[in-house]
Amino acid sequence: MNESLNDNDTSFPLPWIQASDANASLELTAFFSVFTINPWDIMLCISGTIIACENAIVVAIIFYTPTLRTPMFVLIGSLATADLLAGFGLILNFVFQYVIQSETISLITVGFLVASFTASVSSLLAITVDRYLSLYNALTYSSEKTILWIHIMLIVTWGVSICLGLLPVLGWNCLEDDMSCSIVRPLTKSNVTLLSTSFFFIFILMLHLYIKICKIVCRHAHQIALQQHFLTASHYVATKKGVSTLAIILGTFGASWLPFAIYCVVGDPDYPSVYTYATLLPATYNSMINPIIYAYRNQEIQRSMWVLFCGCFQSKVSFRSRSPSDV
């Protein structure tokens with residue numbers, strides 16, 4: 001009798017175990033169906049990681065190299081710092097979006113990104129102004145007045161950026177009014193309109209300054225040619241190279257940010273989110289390209305990188321010192 005009972009006991013649990021496995025499978029399936037990660041968010045996080053790594057190297061080199069204390073390198077350091085913070089912001093946004101979901105944290109993260117990218121764009125304008133001053137006032141560029149002007153630009157740049165980043169946190173958001181939301185929740189339509197208008201103003205100002213820089217470069221090349229009584233091919237090549245460099249700088253900046261800035265004005269929150277991601281992702285690429293254009297091409301930074309990564313400096317490797325006016 002006992003043996004018969006034991007046999008029955010061992011036969012009945014089998015359907016229960018199968019049902020348990022089925023329920024566990026359903027629970028896991030439901031979990032993964034809810035916890036889905038947007039591929040666009042993954043790409044933004046990857047972009048942020050690359051941005052942070054690139055600009056962290058630039059910040060470290062400028063910070064630990066005493067010779068890199070000229071106004072030009074201070075502005076490049078400001079740009080790298082802003083892009084570094086933007087990269088961290090993209091990473092934190094990904095983590096908080098999928099790990100810690102909170103409206104307060106969302107506001108802080110968005111405000112942090114707004115401040116960082118605003119500081120990045122404003123630092124680009126400051127670098128443009130510095131390049132113009134180094135050419136227009138070449139004789140007095142290294143004076144204390146120029147250094148004071150650079151410090152004022154930095155204070156204004158970061159002060160305005162921090163203020164714009166604090167606006168969503170201080171209440172200028174659409175958490176309590178979904179009708180006022182923009183394509184970038186929780187920013188309001190009026191907020192992104194202000195940011196886009198500011199970008200258009202900075203872009204037009206940079207375009208104006210770079211046109212003036214091109215004119216000064218061409219005039220200087222022409223004056224040198226007249227002094228030597230003929231226009232050599234090297235002068236033509238140097239002028240063409242300078243103008244091409246300026247075109248690449250401004251073209252990269254415009255191609256990265258203009259689509260997102262325009263879509264912030266004309267876009268509607270009811271539109272598919274893929275449009276927002278498709279315009280926002282190229283904007284982050286500008287922070288990825290900035291260290292290549294403004295830092296890694298510079299001979300002094302290349303020399304410092306050689307010392308940092310190789311631990312020694314070989315005298316046979318020649319580096320040409322670049323002046324602040326180099327474009």
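Throughout, residue positions are numbered sequentially from 1 according to the sequence presented. Please read these numbers as outputs of a predicted model, since none were measured by experiment.
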Which pairs would a plain distance check flag for residues 82-93, meaning a side-chain donor or acceptor within less than 3.5 Å of a matching protein atom at least two apart in sequence or in another chain?
from, atom 1, to, atom 2, distance (Å)
Asp83, OD1, Ser120, OG, 2.6
Asp83, OD1, Ser287, OG, 2.8
Asp83, OD2, Asn290, ND2, 3.1

With [X], which residues qualify under side chain to side chain contact (heavy atoms under 4.5 Å, CB included), at least two apart?
| X | value |
| --- | --- |
| Ala115 | none |
| Thr188 | Trp172, Cys174, Ser180, Ser190, Asn191 |
| Ile204 | none |
| Val160 | Val156, Leu164 |

Rounded to the nearest 0.5 Å, how far does [atom2] of [Y] lie from [atom1] of [X]?
| X | Y | atom1 | atom2 | value |
| --- | --- | --- | --- | --- |
| Ile57 | Ile301 | CD1 | CD1 | 11.5 Å |
| Phe201 | Ser196 | CZ | OG | 15.0 Å |
| Leu125 | Met206 | CG | CE | 6.5 Å |
| Ile127 | Ser134 | CD1 | OG | 11.5 Å |
| Lys215 | Leu135 | NZ | CG | 14.5 Å |
| Thr81 | Ile76 | OG1 | CD1 | 11.5 Å |

Joint cluster assignment, [X] & [Y], ILVMFWY side-chain distance < 4.5 Å:
| X | Y | value |
| --- | --- | --- |
| Ile108 | Val110 | no |
| Ile202 | Val192 | yes |
| Val274 | Met43 | yes |
| Leu133 | Leu205 | yes |
| Leu280 | Ile42 | yes |

Would you say [X] and [Y] make side-chain contact, with heavy atoms under 4.5 Å?
| X | Y | value |
| --- | --- | --- |
| Val121 | Phe203 | no |
| Asn298 | Met72 | yes |
| Thr128 | Tyr132 | no |

Mind listing the closest non-hydrogen atom pair of [X] and [Y] along with its distance?
| X | Y | result |
| --- | --- | --- |
| Thr284 | Ile51 | O-CD1, 3.2 Å |
| Asn173 | Pro168 | ND2-O, 2.8 Å |
| Arg297 | Ile293 | NH1-O, 3.2 Å |

Heavy-atom donor-acceptor pair, [X] side chain to [Y] backbone, under 3.5 Å:
| X | Y | result |
| --- | --- | --- |
| Ser182 | Lys189 | no |
| Thr65 | Thr67 | no |
| Asp130 | Ala126 | no |
| Asp41 | Phe94 | no |
| Ser78 | Val74 | no |
| Ser106 | Ser102 | no |
| Arg69 | Phe63 | yes |

Contacts of type side chain to side chain donor-acceptor pair (under 3.5 Å), residue Glu54, not counting sequence neighbours
none

Partner residues of Tyr296 under the side chain to side chain donor-acceptor pair (under 3.5 Å) criterion, sequence neighbours left out
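Tyr296 satisfies side chain to side chain donor-acceptor pair (under 3.5 Å) with no residue once adjacent residues are dropped.
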
Test Ser123 against Thr157 for side chain to side chain donor-acceptor pair (under 3.5 Å), laying out the working first.
CA-CA 7 Å; Ser123 295; Thr157 292; 5.4 Å; no

Would Trp158 and Ser122 count as having a side-chain donor-acceptor pair, cut-off 3.5 Å?
no

Ile150 and its side chain to side chain contact (heavy atoms under 4.5 Å, CB included) partner, picked from Val129, Leu75, Thr70
Leu75

Donor-acceptor pairs are to be reported for all side-chain atoms of residues 246-273 against protein atoms at under 3.5 Å, with residues two or more places apart or in another chain.
from, atom 1, to, atom 2, distance (Å)
Thr252, OG1, Ile248, O, 2.7
Ser256, OG, Thr252, O, 2.8
Asp268, OD1, Asp270, N, 2.9

Partners meeting ring-ring contact (aromatic ring centres under 6.0 Å, His included) with Phe112 (sequence neighbours left out):
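Not a single residue meets the ring-ring contact (aromatic ring centres under 6.0 Å, His included) criterion with Phe112.
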
Got a sec, which residues hit ring-ring contact (aromatic ring centres under 6.0 Å, His included) with Tyr294, two or more places apart in sequence or on another chain?
none

Salt bridge (Lys or Arg N to Asp or Glu O under 4.0 Å) partners for Arg185, two or more places apart
Asp178

Other than Leu107, what residues sit in its cluster of Ile, Leu, Val, Met, Phe, Trp and Tyr side chains whose heavy atoms are under 4.5 Å apart, directly or through others?
Leu175

